[in-house]
Amino acid sequence: MSKQQKFRVADSRFFEAAGSQFIFLVDDGTIFEIAPALGVLLGKFDPSQEYERSDFFLGKKGKEEPADDLFRDLAGRRVLLPAQGGGQVEEKLPSEGTGQVVERLPAEGSGQVEALHPAEGAKQVGEKLPVEGSCRVAGKIPGVDEVPLSTLVLQITDRCNLGCRYCYHHTESDPGAGMGAMDLSVAERSVDFLLDRSGSLEKVLIVFFGGEPLINLPLIAHVVDYTEKEARGMGKKVEYSLTTNGTLLSSDAVTFLTKHRIGVTVSMDGFAEAHDRYRVFPGGAPSYAKTLSGVNNLLKHPGARPSVARVTLAKETAGDVPGILDHLLSLGFVEVGFAPVTTGETALRLDTGQMDLLLEQFRELAERFVDHGMNDRFLGFTNLIDLLVSLNEGEKKSYPCGAGLGLFSVDPTGKLFLCQRLIGEEDAHMGDVFNGFMEERLISFRSSACIDEKETCCKCRLRNICAGGCYHEAKTRQGRITLHNSHYCNWLKKWVEIGFNAYGTLATGNPGFLEKLSMSRGHAPYGGFPV
Amino acid sequence: MKKKEMIKASNKPAKELEDRAEERTGENPDDQEVFGMSDDVMTAMPVGCTTIFDTGWETNPRPETPIGNCLSSARDFTSCSGPCWWPAQTPDGVTNFPDFQNQCQAIERDWRNLNFVIKR
């Protein structure tokens, strides 16, 4: 037997909710409720130091046995870890049979990628060295063919019938402008590309995006037709979704969307006053009335899939969040998600005071959500639902989103980009659907976008929740897609605190509700779906 | 959380980890018996015993004794408590059964006499 093994306390964050105390383990994504006494005990140890086993239970003389049990419980739950200085146990997730924590790469939409860090024996792409500091190497960089393609966003046209003042597709620097509609051969080739590269996935997702995709409804119809034929031959199921401004949701369009089970996200900024501030026709005419009529067609259509609204918050609308949520839910949307506008223009974007105001409103909505949840009632506040599901599943993100992993977008000429927001950005250009990926570029992106490469993030306790934030935000605000969203760090930390509190309250008060939320996002509840 | 409980899993990966930890440490060592194969013992595959070759010599990843030993050796510590073979080819002649060899003057001839042992 070797010399005495030393231990350290795992990198963790304590939080309180509903009178109970919790510990969140950063590297495992696990959350445990703990007795206050244990919180006090663990708080005494410096996570950067190594300790002897006996150090953990000083002053417990005569009670060695129960203390021993506690030590074993903590070690078994990886709250205490063998110190690396011991040199014997690699610090890594336990291997199979010893409490495997599945590490998922997140993917946008339904494109949950189940593959992850490549299995043993998979080729290693690029040597990864730990960055100085507390950074830990999360895993190998997935090779080009190691992540199946699960979602393809088709920019079927770059034209739009609206001229929203904050839109990233309508800046003068937009190199994508003027490409017009995607033609049939590009669309078909894109579908083939998705199906060919989807590996063993049974389900893949096609997203119709624009511009305004409903301008080009005939192409959508053609793509669906073509895809169904091709997919059937391969035994795959394809889901469709579409993001629209709602103004073109005629009853014919809605009938078509419903018939083909196409999920619809409507960009709508709330009640008339909020909506019309930025969402206008090119001449400046307001679009609320037209959007509302389309939304009514959609939401009142029998058999339509539940639809969600996406709200872009800019300067003047940042204070209306609860009112906007209530209004959109009252129209019949099942969920509403909010995002501050992504823009380099200070005239539009939220300033610090408005971001604080936004946080307070999110806090208020989170409290309402928890009140509802304690009584098994649902409130469609997407931002919080996503966060709670992420905490409940213990998702560990090496990358902030699926872009460049299982998700890509195609512009009207067939060029592949990391995501729909980055269409036209040269550093997000990853190949085209005719010749495939530019492999070196893609690998270089995957290497530098990984959380381990973001030096500031390495020391952050939210690194596995946030993973650095949106690439498009980073490009717009920081100048490079692989930089972290430092302008949102503090805000995000406070938001996750709100999420922890909501999580802890529900976990003690109505844990079944959290499971339902997870299931609503397609996750199996703990122990699997009942047979 | 129950009274006296110090830590309880909340989210999904925590529950998975906790269940596995409980499986491994749930049994009280005092209740455990050491025995060999007989009619009333389920003859399951004696996973973890030295009669079976392990596929690899990875080190024990668990934060438990014997930390860092090869997996086969690590399994001997944890797996000889169930319906399983004695972990090594010779009985424990130092601590628990100092006189075992009285039954077994020549191991290659008298090994059958060893039968199995139950520690009370």
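In what follows, chains are A, B, ... by sequence order, proteins preceding strands, each numbered from 1.
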Between the OG1 atom in A:T30 and the CD atom in B:E16, the distance rounded to the nearest 0.5 Å is 10.5 Å
Starting at CG of A:D73, measure out to CD of B:E5 and round the result to the nearest 0.5 Å.
9.0 Å
Do A:N392 side-chain atoms and B:N11 backbone N/O form a donor-acceptor pair below 3.5 Å?
no
Which atom names give the shortest non-hydrogen contact between A:A507 and B:S10, and what distance separates them?
CB-OG, 4.2 Å
How many angstroms lie between CD1 in B:I7 and CD1 in A:I23, if you round to the nearest 0.5 Å?
6.5 Å
Heavy atoms of A:G76 and B:L17 approach each other most closely as O-CG, 3.9 Å
Select one option (side chain, backbone, both, neither) describing which atoms of A:F22 are under 4.5 Å from chain B's heavy atoms.
side chain
Picking from A:H523, A:E393, A:E515, what satisfies side-chain hydrogen bond (donor to acceptor under 3.5 Å, both in side chains) with B:K12?
A:E393
Part of A:L391 within contact of chain B (heavy atom distance under 4.5 Å):
backbone
For B:M6 versus A:L38, what's the shortest heavy-atom pair and its separation?
O-CD2, 3.5 Å
Taking every non-hydrogen atom, the tightest pair across B:A9 and A:F32:
CA-CD2, 3.4 Å
